[in-house]
Visitor: 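Mind looking over this structure? Questions follow.
Values below: all heavy atoms of this structure, side chains included; hydrogens, waters and symmetry mates excluded.
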Amino acid sequence: NDVDYATFNLPANATTLSLFFNTTDANLKIEGTVDGTTFTLDGTAPPVQPGKTYVLKLSAPAAAASVDYSLSITIGM
């Protein structure tokens with residue numbers, strides 16, 4: 001499997017968080033973790049944990065060729 005990671009810190013005064021992604025491979029999986037809680041980007045809102053570090057793990061099947069993707073992170077204050 002090919003795996004990429006993205007991390008960011010949610011500001012302490014954040015009130016909302018939206019994460020969206022686009023990809024060329026429908027098999028790309030994205031799993032997020034914040035403060036011990038795991039979540040997926042399945043259309044539901046991710047947990048909002050102000051002041052915490054978020055880790056996003058993006059993985060593609062081993063047989064996949066190069067996979068293009070983009071992430072959009074929107075933080076409301």
Visitor: Search all heavy atoms of Thr37 against all heavy atoms of Pro47 and return the closest pair with its distance.
Guide: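 Shortest heavy-atom separation between Thr37 and Pro47 comes out as CG2-CG, 4.5 Å.
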Visitor: Do Thr44 and Asp42 get their side chains close enough for a donor-acceptor pair, meaning under 3.5 Å?
Guide: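 Thr44 vs Asp42: donor-acceptor pair found between side chains.
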Visitor: How long is the span from the OG atom in Ser72 to the CZ atom in Phe21, to the nearest 0.5 Å?
Guide: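 Between Ser72 OG and Phe21 CZ, I get 12.0 Å after rounding to 0.5 Å.
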Visitor: Quick one: closest heavy-atom pair of Pro50 and Ala12, and the distance?
Guide: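 Between these two residues, the closest heavy atoms are CB-O, 3.3 Å.
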Visitor: Considering all heavy atoms of both residues, which atom of Pro11 and which atom of Met77 are nearest to each other, and what is their separation?
Guide: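 Where Pro11 meets Met77 most closely, the heavy atoms are CG-CE, 3.5 Å.
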Visitor: List the atom of Val3, the atom of Lys57, and the distance in Å for their closest heavy-atom pair.
Guide: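 In terms of heavy atoms, the two residues are closest at CG1-CG, 3.8 Å.
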Visitor: Within the 4.5 Å heavy-atom criterion, are Phe39 and Leu19 side-chain neighbours or not?
Guide: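 The answer is yes; the side chains approach within 4.5 Å.
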Visitor: May I ask you to test the Lys52-Asn9 pair for a side-chain heavy-atom distance under 4.5 Å?
Guide: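 Not in contact.
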Visitor: Whether the side chain of Thr24 engages the backbone of Val67 through a donor-acceptor N/O pair (distance < 3.5 Å, no angle test) should be reported.
Guide: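 No; judged by distance alone, with no hydrogens or angles, the pair does not exist.
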Visitor: So Leu56 and Leu71, do their side chains get closer than 4.5 Å, heavy atoms only?
Guide: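 Side-chain contact under 4.5 Å: yes.
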Visitor: If you group Ile, Leu, Val, Met, Phe, Trp and Tyr by side-chain heavy-atom gaps below 4.5 Å, do Tyr69 and Tyr54 land in one group?
Guide: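 Yes, Tyr69 and Tyr54 fall within the same hydrophobic cluster.
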Visitor: Is there a path of hydrophobic side-chain contacts, each under 4.5 Å between heavy atoms of I, L, V, M, F, W or Y residues, that connects Phe20 with Val34?
Guide: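 In one cluster with Phe20: Val34, no.
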Visitor: Run the side-chain contact (heavy atoms from CB on, under 4.5 Å) test on Leu58 and Thr23 for me, step by step, so that the C-alpha distance in whole Å, both residues' side-chain angles and the decisive distance to 0.1 Å come before the verdict.
Guide: CA-CA 11 Å; Leu58 301 93; Thr23 181; over 6 Å; no
Visitor: Applying side-chain contact (heavy atoms from CB on, under 4.5 Å) to Ile75 and Leu10, what does each step give before you reach the verdict?
Guide: CA-CA 8 Å; Ile75 300 169; Leu10 194 62; 3.8 Å; yes
Visitor: Do Val48 and Thr15 have side chains that approach each other closer than 4.5 Å (heavy atoms only, starting at C-beta)?
Guide: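 No, side chains not in contact.
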